[in-house]
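Convention: sequence-line order gives letters A, B, ...; per-chain numbering from 1.
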Protein chains: 2
Amino acid sequence: MGAASVEPIAGLLGEIAASVIDRDGGDVADYIPELAKADASVFGMSVATIDGQVSSTGTQVPFTIQSVSKPFVYALALADRGQEAVLARVGTEPTGDPFNSITLDRNGRAPNPMVNAGAMVTSNLVAGATASDRWARIIEGLSDFAGRPLEVDQHVFESEQATGDRNRAIAYLMRSADLLGEDVLTEVDLYFRQCSVLVDCRDLAVMGATLANGGRNPITGLQVVPREVVASVLTIMTTCGMYDYAGEWLYRVGLPAKSGVSGGVVAALPGQLGIGVHSPRLDERGNSVRGVAATEALSHRLGLHLLLPNERARSGIRRQYSGLVGRSLRMRPSWETALLDERGAEISVIELGGDQGFATAAEVVRTTLAGEGSVRWQIFDLRRAVRIDEAARTLFTSLVERLGESNIETKIVVPSDGAALTQARAIIPGTLLSQSIDSALEWAEDSLLAAHGGAGQLADGLVPLSEHELLRGLDSESLATIEELSQTKVFHAGTIVFDEGDEPDGIYFLGAGLVAVEVRENSSGRYRRINTIPAGASFGELAVVDGGTRSTRITALEPSVCHLLTRAAFTKIAVDHPQAATHISLAIAQLLSSRLRRATNVIAQLESMP
Amino acid sequence: MGAASVEPIAGLLGEIAASVIDRDGGDVADYIPELAKADASVFGMSVATIDGQVSSTGTQVPFTIQSVSKPFVYALALADRGQEAVLARVGTEPTGDPFNSITLDRNGRAPNPMVNAGAMVTSNLVAGATASDRWARIIEGLSDFAGRPLEVDQHVFESEQATGDRNRAIAYLMRSADLLGEDVLTEVDLYFRQCSVLVDCRDLAVMGATLANGGRNPITGLQVVPREVVASVLTIMTTCGMYDYAGEWLYRVGLPAKSGVSGGVVAALPGQLGIGVHSPRLDERGNSVRGVAATEALSHRLGLHLLLPNERARSGIRRQYSGLVGRSLRMRPSWETALLDERGAEISVIELGGDQGFATAAEVVRTTLAGEGSVRWQIFDLRRAVRIDEAARTLFTSLVERLGESNIETKIVVPSDGAALTQARAIIPGTLLSQSIDSALEWAEDSLLAAHGGAGQLADGLVPLSEHELLRGLDSESLATIEELSQTKVFHAGTIVFDEGDEPDGIYFLGAGLVAVEVRENSSGRYRRINTIPAGASFGELAVVDGGTRSTRITALEPSVCHLLTRAAFTKIAVDHPQAATHISLAIAQLLSSRLRRATNVIAQLESMP
């Protein structure tokens with residue numbers, strides 16, 4: 001909200017101001033007496049980003065917006081009436097003629113909305129039954145673009161009225177072509193009033209940034225006009241914005257822009273920023289001398305040219321791996337692990353990052369189809385995509401359909417929030433979406449195990465202690481002691497076995513059932529599952545290692561039976577059966593060691609990602 | 001290299017072809033007899049991405065390039081002569097006149113390079129002392145754009161010559177204004193020959209993609225013209241490419257493009273793709289009827305409009321953390337850790353990802369300066385930046401200078417490769433760059449410790465076994481046994497203590513010195529340091545846990561003294577002093593447990609990143 005100038009950007013603007021301030025050629029517009037009173041020495045410049053940061057240099061004085069209003073009122077008309085209704089009355093071709101020429105195009109329309117003829121027609125196309133309603137719409141709309149309530153300079157308005165006969169001539173020609181209504185003089189007044197709205201260069205920067213931001217004001221967050229409208233407005237600014245300097249302007253500066261006779265210039269770089277400049281002296285074409293020079297200098301300094309292709313970004317594919325490498329966090333019995341080790345190549349994961357446009361999506365299509373032969377479950381991990389444009393979305397939709405025809409099932413892991421979440425959801429209906437890569441991998445693994453009959457091998461009854469991973473190889477006397485000293489506990493599905501922060505009671509050997517390990521996220525306070533543990537495995541073994549409070553929550557997912565070996569019992573074993581205690585301690589260390597190895601691999605993989 | 005059509009893209013092109021194939025209005029050009037022979041029913045369309053993937057639909061037949069050659073030869077002229085020399089003879093403003101009008105602009109130049117007058121002047125501006133040299137340059141340059149050797153259709157060339165009097169009239173006007181040389185008829189022939197080069201729609205797509213790719217042919221990798229030239233070429237295509245349909249074309253289709261009388265259309269979306277279409281029937285303006293319709297349909301379907309602002313990408317800042325949270329991998333003695341725990345907020349890390357443009361860089365500037373008061377060491381982690389454009393680079397340079405004025409030292413962690421590496425290096429001279437976040441954190445920690453006198457507290461002599469982390473709290477009898485059973489080993493700086501794949505000999509207790517832990521990266525085969533271990537800590541303890549071969553390499557960084565407890569000695573202790581063995585095993589488990597906790601935190605942090 002109204003951020004103060006940020007040093008390096010304001011500094012840069014200051015340098016640019018210094019480089020153009022000596023240009024004292026040109027004259028202040030004098031065809032309206034009130035405009036001639038402007039201080040010719042004034043120079044002010046602001047830049048607003050689509051994040052809503054504004055930086056300024058020079059003098060911030062109010063001035064009347066004049067023709068700089070034209071693209072914004074055009075946007076309102078497009079939003080209110082739709083493109084076809086507006087195009088029926090106002091064309092899109094640049095003219096070689098002056099801004100105040102009295103002509104129609106070859107289809108009997110006003111030539112374009114940036115010449116006065118087209119602007120007058122446009123002002124009367126905004127929503128509103130009466131001129132007064134339309135004025136309310138215009139002043140409110142311009143204020144929404146600027147992010148603050150704007151007002152009219154009454155003196156300039158009266159001066160415009162007093163000297164506006166050429167515009168009245170244009171208006172009558174428009175009426176003769178049925179482009180303006182009966183009450184033509186009132187309709188011209190609407191245009192005069194619009195031109196007399198007071199702004200400063202900061203306002204122009206924010207108005208430009210609102211266009212650059214797809215029609216959403218980056219300060220207030222208000223969606224002023226729909227995004228589709230913005231492309232049309234910026235196009236007209238590109239071809240017709242700088243009077244008959246438009247071609248050279250685009251060549252040298254490369255930004256959609258609009259100038260006005262009071263010395264204002266607004267420019268916008270889509271997806272980046274808006275620029276506002278104010279300096280009253282005009283060149284022979286009617287553009288602000290310093291405004292043109294400063295915008296050109298800024299564009300060159302920062303490489304803002306719309307048609308300068310960016311350096312090649314890296315591939316949109318961050319990682320590609322099979323189910324042989326990527327596994328869900330679910331701990332699985334050895335026969336399931338063996339089956340996944342054998343068949344894991346049937347699961348393919350492609351992880352995407354950054355901006356997904358046509359070129360990156362085309363690469364995804366090619367990469368996916370190249371591996372088609374062996375794959376039966378395909379996961380697209382879009383969590384790190386920051387943007388999926390329409391071209392990419394279209395290609396992804398076709399790709400998923402194509403995979404379906406080859407009997408390859410697909411899951412899409414969606415980003416947690418932001419524009420990319422909406423865009424990812426638009427790829428395909430909801431059933432194929434997954435919130436986490438882990439649940440997607442688990443789905444693929446379960447599908448693979450089911451398809452290859454792995455699911456039928458689940459153990460019946462309790463896993464005996466002698467087959468537990470921490471106790472395997474232990475002598476029968478020690479096993480008998482452990483059995484004797486441990487308590488049997490039964491948990492219904494949904495029961496919390498222990499919670500984060502609990503005092504540790506001991507090691508749990510899971511004899512039957514399935515439990516989930518969850519950690520609480522610092523940011524959201526929500527619990528996130530990090531592991532599922534099957535019968536034959538243990539949990540809570542850190543109790544005997546470090547004695548700290550529980551750092552995870554354990555919840556029974558199925559009816560579960562545990563043998564609990566308390567810390568007191570373990571201490572007793574350490575005294576009576578020291579070899580057994582050493583055996584268990586080393587088994588725990590071994591378990592931790594293998595988990596640490598796996599964690600280290602995951603970190604290396606994550607760290608090495610682009 | 002000449003990738004086959006990719007299903008979904010070709011499918012999409014097929015749908016678009018089907019939607020326009022019924023448009024049989026318009027006529028084949030007949031002012032050159034050879035052109036009138038073209039098959040009016042032909043339709044072909046190709047799309048080439050900046051990754052070099054080409055997809056096509058319809059019929060691929062050769063046709064003469066005609067006016068579609070103009071932007072490419074203009075690119076060659078700009079590359080050969082520079083912008084000012086070309087602008088002195090050929091202007092940039094669109095004309096309302098037909099392509100073959102006989103006029104100059106108000107500065108006595110050919111109006112623009114897309115009308116015949118400007119194209120003839122442009123053809124004679126390419127490098128070459130004679131017309132024959134210039135022809136060699138043109139045919140070679142066009143072939144480089146297409147990525148294959150192109151040839152002239154001799155029949156069309158002769159037909160052009162036979163019917164080219166209007167072009168000769170234009171040429172003589174150009175000579176009268178000193179824009180063409182003495183041998184004017186030869187110079188016109190150069191232009192006729194250029195128009196008679198044979199291409200197909202795939203060639204046009206690749207030529208367009210070469211422009212979209214900043215002048216580098218995406219198939220061959222050849223930089224055909226410099227990147228700066230491309231912005232000028234695409235600008236002229238934007239304003240003058242589609243005859244007097246340019247304004248409406250940009251409004252409806254939103255792509256820089258050029259059409260020709262043989263029915264070809266080329267279009268380019270900077271940073272994304274090139275499009276080539278061929279269908280001979282022309283509308284009254286001279287543009288291919290189906291070519292215009294198909295390009296418009298593709299643009300709408302994929303949202304390719306140049307001026308459509310993209311959906312807002314997420315912040316360019318992925319993570320921001322202080323030295324209280326982010327630590328180097330170096331294991332430090334407790335007094336150093338305590339000092340870092342107290343003062344870590346003086347170290348700030350800002351990690352950036354994705355595309356860095358003006359808006360994202362401005363946010364980085366604001367965020368950095370907001371924390372300025374308490375920070376003394378600032379790290380910018382750019383490893384995950386995929387692109388740093390000129391605007392962002394300029395702001396980052398100012399920011400680092402600004403921090404220097406506030407006595408804040410900066411390090412920039414650079415990406416490992418790609419365009420972003422070059423761009424990151426350009427921010428500031430080499431001394432501030434770091435290859436890894438770990439070395440940058442270590443630098444900041446060392447600087448902080450030195451600034452606060454922490455470096456003076458290093459221990460002298462050997463750390464006694466009783467103070468080693470694995471042995472603390474052990475009874476003196478057990479300690480004496482361990483001392484007795486262990487061997488003392490001395491390593492010079494640079495010596496490898498053990499290497500990856502070695503059989504494990506035992507646990508090393510580091511009594512003095514410093515060693516590095518390194519792992520070999522699968523991809524590169526190079527060793528990467530993952531940890532440094534100081535005196536008082538141990539390494540190689542997994543030998544007693546799992547007995548597998550060594551998974552890391554340990555190198556002495558300083559002269560180091562170790563106590564080696566072999567596996568045989570440990571087994572002896574387990575028999576004679578079982579409580580001591582349990583103690584050591586649990587200490588190892590505890591160590592592994594704390595490492596695992598840390599690794600889990602790192603994974604959670606990495607996983608939660610955008």
Side-chain angles (χ1 to χ4, degrees), chain A residues 6 8 49-51 53 92-94 214 231 234-235 239 247-248 250-251 270-273 302-303 305 307-311 313-314 354 357-359 362-363 365-366 386-387 390-391 395 398-399 402 418-419 542 545-546 574 578 581-582 585-586 588-590 592-593 595-596 599 602-603 606, chain B residues 6-8 49-51 53 92-94 214 231 234-235 239 247-248 250-251 270-273 302-303 305 307-311 313-314 354 357-359 362-363 365-366 386-387 390-391 395 398-399 418-419 542 545-546 574 578 581-582 585-586 588-590 592-593 595-596 599 602-603 606:
Chain A
V6 178
T49 69
I50 58 165
D51 292 316
Q53 294 183 56
T92 59
E93 290 296 324
L234 292 172
T235 298
T239 52
E248 193 171 339
L250 188 65
Y251 197 90
Q272 290 283 338
L273 51 79
L302 297 180
H305 200 294
L307 290 151
L308 196 64
N310 280 313
E311 296 290 340
R314 280 195 227 173
F358 186 87
E363 190 193 354
V365 167
R366 188 181 50 172
V386 293
R387 191 160 60 198
E390 207 173 324
L395 289 189
S398 305
L399 175 60
R402 171 78 174 69
L542 293 185
V545 171
D546 58 15
T582 303
S585 305
L586 281 179
I588 292 172
Q590 200 165 350
L592 291 168
S593 160
R595 285 187 199 159
L596 185 62
V602 171
I603 290 174
L606 288 171
Chain B
V6 178
E7 274 294 333
T49 70
I50 59 166
D51 293 315
Q53 295 183 55
T92 59
E93 290 296 326
L234 291 173
T235 298
T239 51
E248 194 172 337
L250 188 64
Y251 197 91
Q272 291 284 341
L273 50 80
L302 296 181
H305 199 292
L307 289 151
L308 195 65
N310 279 313
E311 295 291 337
R314 278 194 228 175
F358 186 86
E363 190 193 354
V365 167
R366 189 181 51 170
V386 292
R387 189 159 62 196
E390 207 173 327
L395 289 190
S398 304
L399 176 60
L542 293 186
V545 171
D546 58 14
T582 303
S585 304
L586 281 179
I588 292 172
Q590 199 165 351
L592 291 169
S593 158
R595 284 186 200 159
L596 186 61
V602 170
I603 289 173
L606 289 172

inquiry  = At a heavy-atom distance under 4.5 Å, which candidate from A:G303, A:A231, A:S398 has the highest pair count against chain B?
reply    = A:A231
task = Please flag which part of B:L273 lies under 4.5 Å from any non-hydrogen atom of chain A: side chain, backbone, both or neither.
result = side chain
inquiry  = Restricting to non-hydrogen atoms, name the atom on A:A589 and the atom on B:I588 that form the minimum distance, rounded to 0.1 Å.
reply    = CB-CG2, 4.3 Å
task = To the nearest 0.5 Å, tell me how far B:D51 CG sits from A:F358 CZ.
result = 10.5 Å
note = Most heavy-atom pairs under 4.5 Å with chain B, out of A:T239, A:L399, A:L250, belong to A:L250
note = Pair count under 4.5 Å, heavy atoms only, with chain B: among A:T235, A:L395, A:T49, highest is A:T235
inquiry  = Quick check for you: among A:L307, A:T582, A:L586, which has the greatest number of heavy-atom pairs under 4.5 Å with chain B?
reply    = A:L307
query = Any side-chain heavy atom of A:R402 sitting closer than 4.5 Å to one from A:V365?
reply = no
query = Counting only N and O atoms by type, is there a donor-acceptor contact under 3.5 Å from the side chain of B:E248 to the main-chain atoms of A:E93?
reply = no
task = Looking only at non-hydrogen atoms, find the nearest pair between A:P578 and B:P578 and report the distance.
result = CB-CB, 3.2 Å
